[in-house]
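This one's a predicted model, so the numbers in the text were calculated from it and none came from an experiment.
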Amino acid sequence: MNYIERQQSILKQLNSNGSVRISELAKDLSVSRETLRKDIAELGNQGKLQVIRGGAVLNKPVNETIYDQRRKENFQEKLSIARNAVKLISEGDSVFLGNGTTAALVAQEIKEHEFKNVVVITTSINVLLELRYAESVQLVLLGGGLRRIEGSLSGPLTLANIDSVFCDIGFFGSGGVSISRGVTNHYFSEIEVDKKMMQHCHKKVLLADHSKFTKMNPFRTASISDYDVILSDKGLNTETISAMEKHGVKVIV
């Protein structure tokens, strides 16, 4: 494969996923990491992408937020998770959607599925924006303090409102996932919301694409066994799947 073919392949994957990692490209293209770094640097100089540590992302449009950038990362994997998530929902269900880019995609899939009798309860402004015109969905936004960069609500008011809310199924995001350490996240106040909401959901579902299994964050939300189902993608290795299943969790990829 010559450099033109390599660069075309890099751009193709970038346009599809929103981001590329040198480590993954090296496996896919059977090329050294140093060669790929040079290819990505050249494409960056041409203005065709934005170079980041360990890879590249699409050029940042004007007014694009950090949330918008994260939404593009592993987009196809997140979309496949969302499509599997909506299969777990039945007519008449009350559904909790937490924060994160994958949860917003689940909201998108709920809208496209055209449920006739579903209640969606959320702490995410992004979920609200997806479902605000979906007349067949009864949408409930829990109050609280707004973290603008994420569009998430949390704090004492949110926790107090959860006391009166119960759901058939809840979908929860993650910043990092470990078999031994469990699910971790960055923001303590949002973790408190997830912990309490998990106690108010009959079925608890974790949304985590394969990249989350290489990350760890400061604060622990729950253990693996606290979830009934874990939705991931085909990038998750079989050893990790088997280890989670030993904790009594159903894993869907």
### Task
List the steps and the verdict of side chain to side chain donor-acceptor pair (under 3.5 Å) for Asp168 and Ser94.
CA-CA 5 Å; Asp168 295 298; Ser94 54; 3.1 Å; yes
### Query
Linking Ile, Leu, Val, Met, Phe, Trp and Tyr by side-chain heavy atoms under 4.5 Å, what else ends up with Phe219?
Phe188, Ile191
### Ion pair check, Arg37 and Glu34, cut-off under 4.0 Å
yes
### Verify same cluster id: Ile252, Tyr227 (apolar side-chain graph, 4.5 Å)
no
### Task
Output the distance between atom NE2 (His247) and atom CG (Asp226), rounded to the nearest 0.5 Å.
10.0 Å
### Query
Is the side chain of Asn74 donor-acceptor paired with the backbone N or O of Glu77 at a distance under 3.5 Å, no angle test?
no
### Query
Side-chain heavy atoms under 4.5 angstrom apart, residues restricted to Ile, Leu, Val, Met, Phe, Trp, Tyr: same cluster for Leu141 and Leu146?
yes
### Query
Any chance the side chains of Ser180 and Ser178 put a donor and an acceptor closer than 3.5 Å?
yes
### Message
Test: salt bridge (charged side-chain N to carboxylate O under 4.0 Å, His left out). Region: residues 113-122. Which pairs qualify, not counting sequence neighbours?
### Response
none
### Task
Identify whether the distance between the nearest side-chain nitrogen and carboxylate oxygen of Asp233 and Lys78 falls below 4.0 Å.
no
#### Entry: Straight-line distance of Ser232 OG to Phe213 CZ, nearest 0.5 Å
4.5 Å
### Query
In Å, rounded to the nearest 0.5 Å, how long is the span from CZ of Phe172 to CG of Leu97?
9.5 Å
#### Entry: Stepwise salt bridge (Lys or Arg N to Asp or Glu O under 4.0 Å) check, Lys203 with Asp228
CA-CA 6 Å; Lys203 179 181 287 187; Asp228 300 294; over 6 Å; no
#### Entry: No-hydrogen, no-angle side-chain donor-acceptor test under 3.5 Å, Thr221 and Asp194
no
### Query
So do Ile10 and Asp39 actually touch side chain to side chain, heavy atoms under 4.5 Å?
yes
### Query
What residues form a side chain to side chain contact (heavy atoms under 4.5 Å, CB included) with Glu245, not counting sequence neighbours?
Ile241, Val251
### Query
Looking just at side-chain N and O atoms, do Asn161 and Thr158 make a donor-acceptor pair shorter than 3.5 Å?
no
